[in-house]
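All remarks here apply to the structure that follows.
Proteins come first, then strands; the chains are lettered A, B, ... in the order of their sequence lines, and each starts at number 1.
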Amino acid sequence: MSSFAGRMKEYPNMSLDRFDRENLHARAYFLSHCHKDHMKGLKGPLLKRKLKFSLTVKLYCSFVTKELLLSNPKYAFWEDHIVALELESPTLITLIDEASGEKEELVVTLLPAGHCPGSVMFLVEGAQGTVLYTGDFRLAKGDASRIELLHSGSRVKDIKSVYLDSTFYDPRFYQIPSRETCLHAIRGLVQDWVSRSAYHTVWLNCKAAYGYEYLFTNLGDEFHTQIHVKSLDMFKKMPEILSHVTTDRATQIHACRHPKDEEFVPASRLPCGSSASDGTPLNIISIKPSTMWFGERTQRTKVIVRTGASSYRACFSFHSSYSEIKDFLSYLQPINIYPSVIPIDVDCADWLFEGADLAPVRKRVMMQEATPTTLPNPPDEPLPLTHIPLITGDYMDCTESNDDEEERYLEEEERGGERDEGSVSNSGTPPHWEEFFTTEILTDSQTSQPHSCSHTSPSHSTLTGSQTPELFVDDSVKLPSQAESMLIQSEDRCQGDALTNLDAGGEESGSHTHQSEPTESQVSSDFDIPSTPDSHTPGPDDLSDLYRRLAAGEEVVTRTGSQSL
DNA sequence: GCGATCAGGT
DNA sequence: CACACCTGATCGC
């Protein structure tokens, strides 16, 4: 849970993702995405009153976030105070102190965060330097190098501070299977089930939060069906999503919810109460998207876990893993890092200080926010940790990792392997939600013709798979040597039930099928290499070299004017 | 009656 | 593990 107090040290007159307490005095507000834990105070009466008397206070966010926010009537009073910004379009924003008239100019750029529809990171450039507020994000390895506006020419911008979503910035969450791997596994399970008969139905037990939409669109496409959901209202202006969801219960894939669902769902009923028209009972399995992570030493493709006769958990994460965060930070090389949650357990912080001999000349500290009890100065004195927070060398074991073997688990059935995934989905690229957005309001009957309205996104993203096929990752690339050495051949891998052994009745299957070792190409999917021509992600060797040179006092970071628009 | 906070649940 | 909620109880205004 984000404990970010809302303000950045460099630009205390803007508030991001927090709208209570000190943030009531902000000159401008920023919302990175539409999750409740980032909207604290946003519907508070104090802020509501402030808006009434203010001509200049605005809330900046993406078009999609604006749409999702306003689909909830409780936030309707914001309507005339929201300024939706295009992605990747640097925008000059003037912060005005309404009492004194004092002005402060900033250039703010929204960068896609891959966390949920509309989610963005805020890149802020101004007199106090360039800072990046990540909000919540899920970016794959190498993604930072593909974001043009993090660069100035061919070089990464000089970033003073990163305000980081550090949810999984802990070695225990070393690796999380890629979005494509998870999607592929879920697709396989759904395929296995719904192909049995028209009465075989899948219930996706998703949380009441945005972020599962790309699962719906992908499964919808794959199985030529729409996914049953509770409401379509919020997607009115997002034809790509809208066309894949329905309120018609007569479909084999459901993601509907009911306040008190959990109990009676796996038995035979869906939250929506749907049943076959001829009285035949439906065969229902539930798939619960959950975050499952993979420590270095438990490298195995446990992407789907069977938790009962007809219930499964499927790996699914909105947040970047430790290794993805590490890659992100290694690439950006910020001077300061402010984690949004306490970075790691004090008891196992030793790993932080490994490699201290490589400490660079350039000051590099891990900042920690003032604890809530030491208010009222949110961007208060940081707590500098004296050594490098990023260890690009060997990862040190922190705690024993995830070996919760209390449940029977399935290993992902690899079928065609992951090499072919680029042809199935926009592999290697996070979903680009703005593409789904239109200013038109479509009715249900119009949604059979999905289209993206490019006029709302004149500056297209380099992350957009559909527009940049050359960015597709070739999963067959050789592992970087370091990454390769980190992969431990698993000992005897426990065999789970193969997906193909599911009974029609959902009984636990007695038969076991030997699972083959993942091939290198399958395992390497999280160590892919970016292919953007004019940029590259430094590999572990590059970084070690870089640190060595920094430690030797060489000037390797060339400063460029970070004020360029 | 409302909001904020906490406990407990998925 | 931790997420992003939800519900209900309690407290204060």
Side-chain angles (χ1 to χ4, degrees), chain A residues 1-4 17-21 23-24 31-49 68 72 74-75 113-119 135-138 165-176 182 203-213 215 229-231 234 255-266 271 286-295 297-298 302 305 307-308 311-322 325 339-345 347-348 372-373 375 397-407 409:
Chain A
M1 202 73 34
S2 177
S3 63
F4 180 62
D17 287 355
R18 280 296 289 267
F19 309 90
D20 57 352
R21 299 174 171 251
N23 302 298
L24 287 164
L31 179 61
S32 71
H33 65 288
C34 214
H35 278 166
K36 294 273 175 10
D37 57 325
H38 288 253
M39 295 160 62
K40 207 170 183 199
L42 193 54
K43 61 172 156 41
L46 295 171
L47 194 48
K48 193 169 181 174
R49 224 164 64 132
L68 297 178
N72 184 340
K74 287 183 171 154
Y75 300 101
H115 176 70
C116 71
S119 67
D136 283 352
F137 72 98
R138 173 108 203 242
D165 166 22
S166 53
T167 303
F168 293 138
Y169 194 38
D170 179 320
R172 280 178 300 169
F173 319 135
Y174 192 79
Q175 194 215 341
I176 296 170
C182 298
W203 176 50
L204 302 170
N205 181 1
C206 300
K207 296 197 179 92
Y210 299 116
Y212 300 98
E213 292 73 14
L215 183 60
V229 296
K230 208 173 174 186
S231 168
M234 57 290 267
C256 44
R257 288 178 303 104
H258 188 275
K260 52 176 189 358
D261 44 26
E262 216 73 35
E263 307 94 70
F264 56 160
V265 167
S286 71
I287 303 175
K288 185 172 190 167
S290 327
T291 308
M292 291 180 261
W293 47 80
F294 296 75
R297 289 164 203 292
T298 54
K302 196 167 78 172
V305 176
T307 55
S311 50
Y312 299 82
R313 281 172 171 247
C315 185
F316 197 93
S317 179
F318 296 162
H319 296 272
S320 275
S321 67
Y322 175 79
I325 295 171
S340 65
V341 291
I342 288 122
I344 48 172
D345 203 39
D347 293 337
C348 56
T373 49
L375 284 168
D397 237 0
C398 181
T399 63
E400 278 310 308
S401 45
N402 61 316
D403 263 317
D404 42 20
E405 303 292 302
E406 82 287 0
E407 299 168 328
Y409 65 85

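- The distance between atom CZ of Arg49(A) and atom P of dG3(B), rounded to the nearest whole Å, is 15 Å.
- Between Met39(A) atom CE and dA4(B) atom C1' the separation is 17 Å, expressed in whole Å.
- When the P atom of dC2(B) is taken as reference, atom NZ of Lys48(A) falls 12 Å away, rounded to whole Å.
- Counting only distance, with no hydrogens or angles, the side chain of Ser340(A) and the backbone of Ser3(A) share no donor-acceptor pair below 3.5 Å.
- Asp165(A) comes within contact range of no nucleotide atom at all, as no heavy-atom separation falls under 4.0 Å.
- Computed from coordinates, the Ile176(A) CD1 to dA2(C) P distance equals 12 Å when rounded to whole Å.
- Distance, Phe19(A) CZ to dA4(B) C1': 18 Å, rounded to whole Å.
- Residue Thr167(A) is in sugar-phosphate contact alone, with no base atom involved, counting any heavy-atom pair closer than 4.0 Å across all strands shown.
- Distance alone, capped at 3.5 Å, places no donor-acceptor pair between the Trp203(A) side chain and the Arg257(A) backbone.
- We find that NZ of Lys288(A) is positioned 11 Å from C1' of dC3(C), with the value rounded to whole Å.
- Distance, Asp170(A) CG to dC3(C) P: 11 Å, rounded to whole Å.
- Taking the ring pair (Phe, Tyr, Trp, His ring centres under 6.0 Å) definition, one finds that His38(A) meets it with His33(A), sequence neighbours left out.
- Residue Asp136(A) places its side chain closer to dA4(C) than to any other of dT5(B), dA2(C), dA4(C).
- The CG-C1' distance, from Asn205(A) to dC3(C), rounds to 13 Å in whole Å.
- Ring pair Phe137(A)/His115(A): centre-to-centre distance not below 6.0 Å.
- In this structure, the separation between OG on Ser317(A) and CZ on Phe168(A) is 4.5 Å, given to the nearest 0.5 Å.
- Side chain of Ser32(A) to backbone of Ser119(A): no donor-acceptor contact under 3.5 angstrom is found.
- Judged by distance alone, the side chain of Asp165(A) and the main-chain N or O of His319(A) form no donor-acceptor pair under 3.5 Å.
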Hey, what are the protein-to-nucleotides 5-8 of chain C N/O distances that come in under 3.5 Å?
residue: dC5(C); atom: OP1; partner: Ala208(A); partner atom: O; Å: 3.2
residue: dC5(C); atom: OP2; partner: Lys36(A); partner atom: N; Å: 2.7

